Amino acid sequence: MYKGNLYIGFSSLILALMAHSLFAQTPVLHWSFEQPDPEAITGQVSYVDGVRGKALKSNELTTQLVLGSNEVSALNKDGFTVEAWIAPQVYPWNWCPIVTQMEGNSGFFFGINADGSFGLHIGDGEQVFQGNSRPLLPNLTEEKILHNLQLPPTPGGYPVPVIPLLKWTHLVGVYHKDEGIKIYVNGQLEKKHDTNIEFKQAVDQPLYMLRDYVKRRPAHAERDYGSLPIHYSLDGLIDEVKIYNQSFTFRQVSYLYKKHQPSVSQPLQFRKIPIGPKGPGPFGASHTFLKYDKDIDSQWRMGEFADVIVRFDQAPYRLVFWHGINFYPIWYAENGIGMMQEGSETWGKHGCHEAMMDRLCKYSHVRIIENTDARVVIHWRHQLTDIKYESINEDPLTGWSDWNDDIYTIYPDGVAARKLILWSSDPLGNHTMQQENFVVPIGMRAAEIIDPVAVTLATIDGDTTSYTWQHGRPRPVGKEKNLEDFTILRYNINSPSKHYIIYPPGVGSVELGGDMADLPWPWGLPWWNHWPGGQLPSDGRQTFLVDGRPSSTCVSEGIYNKKSSKNIITDNSLTIHTLIGMTTETTMNPLVKLSQSWNRPAVLKCDSPDYINKGYQVDQRCWQLKSRKANSSKPLSFTLAGSKQTPICHPAFVIKNYGNKSIQLSIDGQEKEWSKDYRRGYHKTIEGTDLIIYLNIVSEDAIQVKIH
């Protein structure tokens with residue numbers, strides 16, 4: 001027992017002497033972030049519990065720490081060591097420094113990149129050697145996109161980044177003039193680079209932390225002309241940044257890692273795209289300000305009524321117009337998987353022209369037009385702009401360029417009639433009128449939100465075919481045949497609620513897949529993160545991993561016949577119509593009935609001479625009548641001639657100038673109580689008050705309606 005105690009005491013003494021020997025030299029730079037330093041640190045920051053004491057929480061948009069060159073000690077040209085603890089909230093758009101002092105080909109850079117790798121870069125005045133950790137994928141560089149990458153050998157395998165998100169990671173870079181560059185993760189050697197480069201310090205250059213003085217183009221941009229170089233900062237936590245004028249050994253690095261361990265290994269959580277309250281809610285639209293993240297929300301210059309949410313009282317999905325993704329109308333399933341439908345995108349010298357490029361919502365806004373228990377009407381207006389906020393197809397006489405009016409008439413059954421008006425000097429020109437993009441919730445991969453049998457098509461008469469991506473380019477499942485004359489497209493997302501689109505017959509076809517569709521599942525799905533939520537000027541940036549940001553994917557693009565007789569064409573406009581929504585039905589039959597009821601509406605016969613029958617309004621998915629005399633007290637009676645070919649599916653009626661008065665409803669001679677199945681609403685206009693009626697009825701027989 002005595003020898004054992006003596007041995008332990010002797011060992012402790014040896015370890016203490018070793019530690020003193022290893023670290024007799026103090027760091028030439030040490031940032032512990034225990035106290036704010038407003039002279040050096042600018043932008044939005046906060047201080048939270050760190051690895052040791054406090055850590056700094058950095059904001060991607062604004063945070064920067066700068067030391068003047070006169071404040072930076074001379075670094076040992078023969079060798080030095082850089083150390084830091086970081087917990088990234090997201091991976092940066094490209095290389096981002098933890099700490100750097102670089103000018104041209106002189107100096108050093110220690111930081112992380114867009115793919116969860118990190119490195120120590122050393123300049124000798126003529127060149128810069130990058131001592132990086134392993135790439136996320138073989139042959140992956142910041143210029144690469146999926147078309148020219150070597151994919152993992154395991155089908156469906158996902159690459160694992162070197163640095164995890166949300167968790168504390170200890171990073172060390174060691175330079176030695178004779179031994180090259182070694183980099184360590186959590187005390188273990190990650191990679192050794194043999195190089196005899198001679199370090200030359202950028203003595204007249206300030207030292208930067210968390211943000212570079214150099215603007216960088218985002219990594220994996222699909223088009224150089226469609227992405228601009230920008231400044232950005234490290235988004236996440238940082239603590240205990242140190243630079244030593246000594247090349248540390250493996251034992252010393254291991255000691256550094258073990259010396260301080262965070263009490264909480266994962267201090268951060270993924271952000272969540274705001275979609276409003278969970279579950280069903282009272283049917284209707286509400287203005288609000290959707291909160292996303294405190295650091296990001298504080299940058300917006302918008303008030304409490306910026307956004308619009310439409311909820312449904314009999315379904316868990318909702319339609320959301322959020323400023324954080326340019327007010328695109330997004331249909332969100334109960335688990336947060338969303339889909340938006342683009343419209344009239346075109347292209348110019350800086351890439352795409354569309355609302356997606358309007359990062360600050362300069363030319364994009366949303367407003368509620370109608371909001372009753374029977375229906376809701378939302379108007380989204382935006383200019384087609386590019387990443388430099390330049391317009392397109394500008395009329396030299398008037399100055400008008402391309403604009404969109406996007407009007408959604410939404411009913412309690414979760415169906416929206418979309419009326420898209422493209423205002424343009426070239427309305428039949430180079431515009432893509434149809435493309436669906438899915439919003440991938442943060443923390444999920446593109447292929448995780450949708451089944452490999454991703455799409456089901458159906459004709460107006462009910463023929464159906466499903467398409468699978470499982471073996472590369474989409475093909476019909478089993479012995480099913482390709483459908484060319486479909487009117488319904490349903491997306492088979494991994495949620496009980498499914499997105500769908502209904503078209504008029506003959507307006508076009510659909511391109512399933514795309515440029516990458518020949519790749520095996522799941523790589524055949526494009527995966528982008530320049531949208532939604534990204535504030536960088538880019539019209540296309542691919543990602544290959546969960547990087548902490550919202551992301552998007554696309555499995556089809558409509559090939560729209562702009563000259564179809566179903567459209568409305570003028571000298572300076574093109575108007576198209578579709579139905580969009582979500583369904584919890586497991587078969588296509590209810591959607592087939594819906595398509596038939598919209599594309600082949602039942603004939604309405606008005607039996608009351610005091611009312612004018614205005615016919616079926618495709619853009620509003622309703623029949624319209626008009627009182628010959630405003631606020632008439634005359635009863636209204638009409639018959640809707642439902643049949644197998646012209647079924648009735650949740651019909652709606654608008655009686656113009658009817659007035660706001662108490663009414664009763666009869667269907668086929670039976671009095672009905674106003675309820676969730678039989679709804680009414682009143683909408684004031686400049687001419688009077690319109691009455692709106694919605695009936696939860698599906699029938700292949702005629703029905704008689706009386707309002708009195």
Side-chain angles (χ1 to χ4, degrees), residues 282-285 313 368-379 407-413 415-417 419 577 594 597-598 600-643 645-708:
F283 173 68
D313 51 25
I368 300 172
I369 305 300
E370 287 184 25
N371 196 12
T372 74
D373 190 49
R375 79 174 185 183
V376 168
V377 179
I378 307 295
H379 177 211
I407 302 165
Y408 288 74
T409 302
I410 309 152
Y411 292 95
D413 59 355
V415 181
K419 178 182 180 181
H577 305 102
L594 176 61
S597 71
W598 182 63
R600 299 193 301 227
V603 174
L604 185 148
K605 180 183 177 182
C606 182
D607 303 318
S608 303
D610 297 295
Y611 296 87
I612 303 170
N613 183 0
K614 308 287 284 187
Y616 190 74
Q617 309 298 306
V618 173
D619 62 327
Q620 299 180 52
R621 190 190 161 220
C622 72
W623 288 264
Q624 190 178 103
L625 302 101
K626 184 176 182 180
S627 174
R628 295 182 184 274
K629 181 180 179 181
N631 296 314
S632 172
S633 60
K634 300 291 185 179
L636 169 62
S637 178
F638 58 84
T639 300
L640 201 58
S643 69
Q645 290 296 311
T646 61
I648 298 167
C649 188
H650 305 154
F653 312 92
V654 175
I655 300 93
K656 305 287 290 184
N657 295 336
Y658 187 84
N660 187 353
K661 51 183 175 286
S662 178
I663 58 173
Q664 291 181 314
L665 172 71
S666 296
I667 298 177
D668 293 334
Q670 295 185 357
E671 294 284 340
K672 300 294 182 181
E673 296 290 333
W674 297 110
S675 64
K676 289 185 178 181
D677 288 333
Y678 308 100
R679 306 188 189 220
R680 61 181 171 176
Y682 299 93
H683 175 62
K684 291 183 179 180
T685 72
I686 196 170
E687 297 178 348
T689 299
D690 299 341
L691 171 65
I692 305 152
I693 303 291
Y694 166 83
L695 307 178
N696 185 20
I697 294 176
V698 177
S699 176
E700 293 182 351
D701 298 317
I703 63 171
Q704 187 177 45
V705 179
K706 185 175 182 180
I707 300 168
H708 56 96

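Predicted, not measured: the structure shown is a model, and the values here were computed from it.
For the pair Leu695 and Ile667, the minimum side-chain heavy-atom distance is below 4.5 Å. Two residues are said to be in side-chain contact when any heavy atoms from C-beta on lie closer than 4.5 Å; Asp373 and Arg680 fail this criterion. Looking at heavy atoms from C-beta onward, Val377 lies in side-chain contact with Arg375 at the 4.5 angstrom threshold. When side chains are defined from C-beta on, Asn696 does not count as touching Asp413, because their heavy atoms never get closer than 4.5 Å.
Of all heavy-atom pairs between Gly681 and Ala374, the closest is N-CB, 3.8 Å. Here the closest heavy-atom approach between residue Phe283 and residue Arg679 is recorded as CB-NH1, 3.8 Å. Smallest separation of non-hydrogen atoms from Cys622 and Tyr616: O-CD1, 3.4 Å. Here the closest non-hydrogen pair linking Gly284 and Val376 is CA-CG2, 3.8 Å.
Using modelled atom types, one side-chain atom of Trp623 and one backbone atom of Ala602 make a donor-acceptor pair closer than 3.5 Å. For the pair Asn657 (side chain) and Ser627 (backbone), a donor-acceptor distance under 3.5 Å is absent. For the pair Glu370 (side chain) and Ile368 (backbone), a donor-acceptor distance under 3.5 Å is absent.
Annotation for Glu673: atom CD does not count as buried by contact number, only 12 or fewer foreign heavy atoms lying within 6.0 Å.
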Side-chain donor-acceptor distances from residues 604-612 under 3.5 Å, at least two apart:
unit_1, atom_1, unit_2, atom_2, d
Ser608, OG, Pro635, O, 3.4
Ser608, OG, Ser637, N, 2.8
Tyr611, OH, Lys634, O, 2.6

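The ring pair (Phe, Tyr, Trp, His ring centres under 6.0 Å) pairs that include a residue from residues 664-708 number zero, where partners must be two or more places apart or lie in different chains.
Note that CD1 of Ile648 is 8.0 Å distant from CG of Asp701, once rounded to the nearest 0.5 Å. One distance of note links CD1 of Ile692 with CD of Gln620; it measures 9.0 Å at 0.5 Å rounding. Residue Asn631 holds its CG atom at 6.5 Å from OG1 of Thr689, rounded to the nearest 0.5 Å. Here the CD1-CG distance, from Ile707 to Leu636, works out to 5.0 Å after rounding to the nearest 0.5 Å. Separating the OG atom in Ser699 from the NE2 atom in His650 is a distance of 11.5 Å, to the nearest 0.5 Å. Rounding to the nearest 0.5 angstrom, the gap separating the CD1 atom in Ile663 from the CG atom in Leu691 is 4.5 Å.
Glu687 has no carboxylate O lying under 4.0 Å from a charged side-chain N of Lys656, or vice versa, which leaves the two without a salt bridge. Remark: Asp690 does not engage Lys626 in a salt bridge, criterion side-chain N to carboxylate O under 4.0 Å. With respect to Lys706 and Asp668, no salt bridge is recorded, no charged nitrogen being found less than 4.0 Å from a carboxylate O.
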task = Run the numbers on Ser666 and Glu671 for side chain to side chain donor-acceptor pair (under 3.5 Å), then give the verdict.
result = CA-CA 4 Å; Ser666 296; Glu671 294 284 340; 3.1 Å; yes

inquiry  = With side-chain contact (heavy atoms from CB on, under 4.5 Å) as the criterion, how do Ile410 and Ile378 come out once you've worked through the C-alpha distance, each side chain's angles and the decisive distance to 0.1 Å?
reply    = CA-CA 8 Å; Ile410 309 152; Ile378 307 295; 3.9 Å; yes

inquiry  = Before you tell me yes or no, could you show the steps for Leu594 and Arg621 under side-chain contact (heavy atoms from CB on, under 4.5 Å), namely the whole-Å CA-CA distance, both residues' side-chain angles and the distance that decides it to 0.1 Å?
reply    = CA-CA 11 Å; Leu594 176 61; Arg621 190 190 161 220; 3.7 Å; yes

task = Could you walk me through whether Thr639 and Ile703 pass the side-chain contact (heavy atoms from CB on, under 4.5 Å) test, one step at a time?
result = CA-CA 6 Å; Thr639 300; Ile703 63 171; over 6 Å; no

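In this structure, a donor-acceptor pair under 3.5 Å is absent between the side chains of His577 and Asp619.
Taking the six-membered ring where the residue is Trp, the centroids of Phe653 and Phe638 are separated by under 6.0 Å.
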